[in-house]
**Student:** 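Next up is a structure, given as structure tokens.
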Amino acid sequence: MSQAAADATVGPATHCPYCALQCGMYVSDGEITPREDIPANAGGLCQKGWTAAELLTSPERLTTPLLHGSPVSWDDALDHVAGRIEAVRAAHGPDAVAVFGGGGLTNEKAYQLGKFARVALRTSQIDYNGRFCMSSAAAAVNRSFGMDRGLPFPITDIARADAVLFAGGNVAETMPPFVRHLTAMRSAGGRLVVVDPRRTPTAKMADLHLQVTPGTDLALALGLLHIAIADGHADLGYLAARTTGFEAVRTSVSAWWPERVERVTGVPVARMREAVRILGEAERAMVLTGRGAEQHAKGTDTVTAFVNLALTLGLPGREGSGYGCVTGQGNGQGGREHGQKADQLPGYRRIDDPAARAHVAAVWGVDPAALPGPGRSAYELLDALGTPDGPRALLLFGSNPMVSAPRAGHVARRLAALDLLVVSDFVLSETAAVADVVLPTTQWAEEYGTMTNLEGRVLLRRRAVTPPRGARTDLEILRGLAERLGCGEKFPADPRVVFDELRRASAGGVADYSGITYERIAAETGVFWPCPETAGEPHPGTPRPFLDRFATPDGRARLVPVDHRPPAEDVDEEFPLYLTTGRVLAHYQSGAQTRRIRPLAEASPEVFVELHPDLAERLGVASGDRVLVRSRRGAAEAVARVDTSIRPDTLFMPFHWEGVNRLTNAALDPSSRMPEFKVCAAALQRCEDGERREDGERVA
Ligand code: SF4
């Protein structure tokens, strides 16, 4: 069926609003039908996708701007915001106004937000919540491959592999249609190895589960590499032809002999050897990482260690093999390419590169010298709000840091210290609820735009329903503010016009979109970047960018020596347990959307903490008990869930509810500035009557 015929019969073809798999779907009269033509899901959807339309007509939908909680007209709201911005800038300078974006925003919005910050506000203070998601993997592969594209191969390549090692990803819950690619691989005789402190649904389907102590994935990767070299699995021909740095890495991992790694990680030597044998003997093999390995204060080095393993085995840049990072947020890939990062200009260009500044400034029609330099990373930006040297006003789009930021109790106090907090959202999220101004925006199925999925495939999000009266797109909101700040003509609100400008701004950059058009995306069910514009035959796009050379100056991948170190906060007498966080099947990120969808809220109604039966017995806790989990930063109440799938020294909590991130540690990776969400020291006790805490903050 042609696209036009399909649209006419089952409704406009679009994509799910949630995760980076970006499952294709049709939306018509509130009904969702999965698309068969998008390889990532090929007719499948998860529970979140099937129910996504419910929020379009939710009674909790915002349709009127709010000023200090009271409905006002759009003109009054935008006049107020622009006036306050002008006043803050006049008093404190341009960096006193900050912008915070999101990894779920379309490419057009992410691009426009970066331009709005640099051109309309002239502020360097912009970053986004993707810093909490993808930044460690991005920093690592930029260093090793010279380019950050989550999967540098089509997702369907996974089914052709003979072995996959997946460190820190639980796709069976976070993106269930992904599982079909792993299942196809295993049905054809392939083997799956999963690294995770929990026996997750993904670990349960694996041939081998390496149940690491939280915070020790890096030591495990070093140990696997040590064994791979010792057992003769290093592909010396590939290493000589396509890489640099192997000798230094070989020397560095010699100190990580298997028994030492077993002591650090808790993974038996025999299991490590079996994992290496599975990978080393496979004709085609893949190493994948997810947030479990990446969200650490050493996440960049952890990913680097897994990349070193993949390179030593000769995998990246070979068809059917490779290293890939499984991106999380809906536009986690595109959102990190087009300028909403503190150090970045569109096309994945660096903001401190004079040539990049000159190119982008020419597209924007401004003087390169007028563009600000790099700003603060996401947590550092939130941490500086309302301080003497920090921003006094914050414009926030597509994010809910009251729930999703680490050390969230502290972040809540920083938000409260602002002179102006403006939130654009379609529901009253926890952060919108404390904003001075709330601007009601449109949702996924109500607007056009492009999203780039975890494969680097640029997809078209089509408008399937008419937005409610009163809601505006983020592009319209930015246009309205820019008009009031005297530069409205530079901020078109039509997504196609914005995309055409993005194409020009990205031309020649690492993430080159200049050869991609809405028409091509529709005709080809997505186009892989880089895709430069050409004078003759259109560029076909680049499904596998590293087949001939890596994106480094010499075309070779770099092996980089890294070393293990303990978590930023280790367990002790007062906080004797590791706490790790993650997601559940029914909810997405901060839960602002999915907690408002009835079937999802019923499936997973409240926050829980998972603990092992041995630990539960020691603490006198049973499933269903209300317990208090404490860390050095705060406390959160939860329902106990006793389960053998977790290590006896570890607690697990899903982060979709307010309170969980009051516990997490904001220690940052030195390269990526990723906070250490995945491990901190904690204590757990039964909640006796009278002990329940309202705000969860620890007083002492
Ligand atoms: Fe697909 Fe992810 Fe949406 Fe589920 S949440 S339907 S896996 S895009």
Side-chain angles (χ1 to χ4, degrees), residues 10-11 13-27 30-56 102-107 130 133-134 150-151 154-156 158 166 169-184 200-202 205 288 290-291 324-335 398 443-445 449-462 464 525-526 582-597 599-601 603-604 654-656:
V10 286
T14 188
H15 294 268
C16 176
Y18 303 120
C19 83
L21 204 56
Q22 282 299 290
C23 293
M25 56 172 58
Y26 299 104
V27 182
E31 293 293 322
I32 282 177
T33 316
R35 288 170 66 179
E36 300 278 349
D37 60 334
I38 298 297
N41 66 307
L45 292 175
C46 79
Q47 197 180 5
K48 297 183 285 287
W50 281 112
T51 57
E54 195 167 301
L55 201 58
L56 294 168
L105 301 177
T106 61
N107 291 318
C133 184
M134 291 306 311
L151 298 184
I155 195 169
T156 45
I158 293 171
F166 198 166
N170 179 20
V171 287
E173 287 196 273
T174 58
M175 47 176 71
F178 189 109
V179 170
R180 64 183 54 207
H181 305 287
L182 295 172
T183 304
T200 62
T202 311
M205 64 177 278
L288 306 176
R291 301 305 81 69
C325 150
V326 178
T327 302
Q329 291 195 81
N331 198 26
Q333 180 69 54
Q443 291 189 52
W444 57 289
T450 58
M451 305 281 280
T452 306
N453 79 353
L454 77 178
E455 308 163 284
R457 188 193 297 258
V458 185
L459 302 163
L460 188 59
R461 176 184 271 189
R462 288 180 180 80
T525 57
R583 290 169 50 189
V584 297
L585 178 63
H587 291 297
Y588 176 69
Q589 304 300 63
S590 80
Q593 296 166 79
T594 51
R595 283 185 277 115
R596 290 177 162 85
I597 293 178
L600 301 180
S604 194
F655 55 64
H656 311 292

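Quick caveat, the model's predicted, so the values are computed rather than measured. Ligands are counted one by one from 1 in listed order, and the atoms in each one are counted from 1 as well.
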**Student:** Between Arg583 and His656, is there a donor-acceptor pair closer than 3.5 Å when you use the side chain of the first and the backbone of the second?
**Tutor:** no

**Student:** Could you walk me through whether Thr450 and Thr106 pass the side chain to side chain contact (heavy atoms under 4.5 Å, CB included) test, one step at a time?
**Tutor:** CA-CA 6 Å; Thr450 58; Thr106 61; 5.5 Å; no

**Student:** Give the C-alpha distance, both sets of side-chain angles, the deciding distance and a yes or no for side chain to side chain contact (heavy atoms under 4.5 Å, CB included) between Val326 and Met175.
**Tutor:** CA-CA 10 Å; Val326 178; Met175 47 176 71; 3.9 Å; yes

**Student:** Looking only at side-chain N and O atoms, does Asp37 offer a donor or acceptor that is under 3.5 Å from a partner on Thr525?
**Tutor:**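 There is no such pair (donor and acceptor under 3.5 Å, judged by atom type) between the side chains of Thr525 and Asp37.
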
**Student:** Which atoms of ligand 1 sit under 4.0 Å from any heavy atom of Tyr18?
**Tutor:**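 It comes down to these atoms of ligand 1: 5 (S).
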
**Student:** Where's the contact between Lys48 and ligand 1, heavy-atom distance under 4.0 Å: side chain, backbone, both or neither?
**Tutor:** side chain

**Student:** Examine all N, O or S atoms of Cys46, backbone included, and report whether one is under 2.8 Å from atom 3 (Fe) of ligand 1.
**Tutor:** no

**Student:** Hey, is there an N, O or S on Cys19 sitting under 2.8 Å from atom 1 (Fe) of ligand 1?
**Tutor:** no

**Student:** Compare Cys23, Gly24, Gly328 and give the one whose heavy atom is closest to atom 1 (Fe) of ligand 1.
**Tutor:** Cys23

**Student:** Passes side chain to side chain contact (heavy atoms under 4.5 Å, CB included), Thr14 versus Tyr26? Steps please.
**Tutor:** CA-CA 6 Å; Thr14 188; Tyr26 299 104; over 6 Å; no

**Student:** Atoms of ligand 1 less than 4.0 Å from Gly49 heavy atoms?
**Tutor:**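 Near Gly49, the atoms of ligand 1 are 6 (S).
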
**Student:** Can you tell me which residue and heavy atom of the protein come closest to atom 3 (Fe) of ligand 1, and the distance to 0.1 Å?
**Tutor:** Cys16 SG, 2.3 Å

**Student:** Measure from the side-chain N and O atoms of His15 to the backbone N and O of Leu459, and report whether any donor-acceptor pair falls under 3.5 Å.
**Tutor:** no

**Student:** At under 4.0 Å between heavy atoms, is it the side chain or the backbone of Met25 that contacts ligand 1, or both, or neither?
**Tutor:** neither

**Student:** Only heavy atoms of Pro177, strictly under 4.0 Å: list the atoms of ligand 1 that pass.
**Tutor:**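 Listed by number with element, the hits are 7 (S).
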
**Student:** Please evaluate residues Ile155 and Leu21 with respect to the criterion side chain to side chain contact (heavy atoms under 4.5 Å, CB included), reporting the C-alpha separation (whole Å), side-chain torsions for both, the decisive distance (0.1 Å), and the verdict.
**Tutor:** CA-CA 9 Å; Ile155 195 169; Leu21 204 56; 3.6 Å; yes

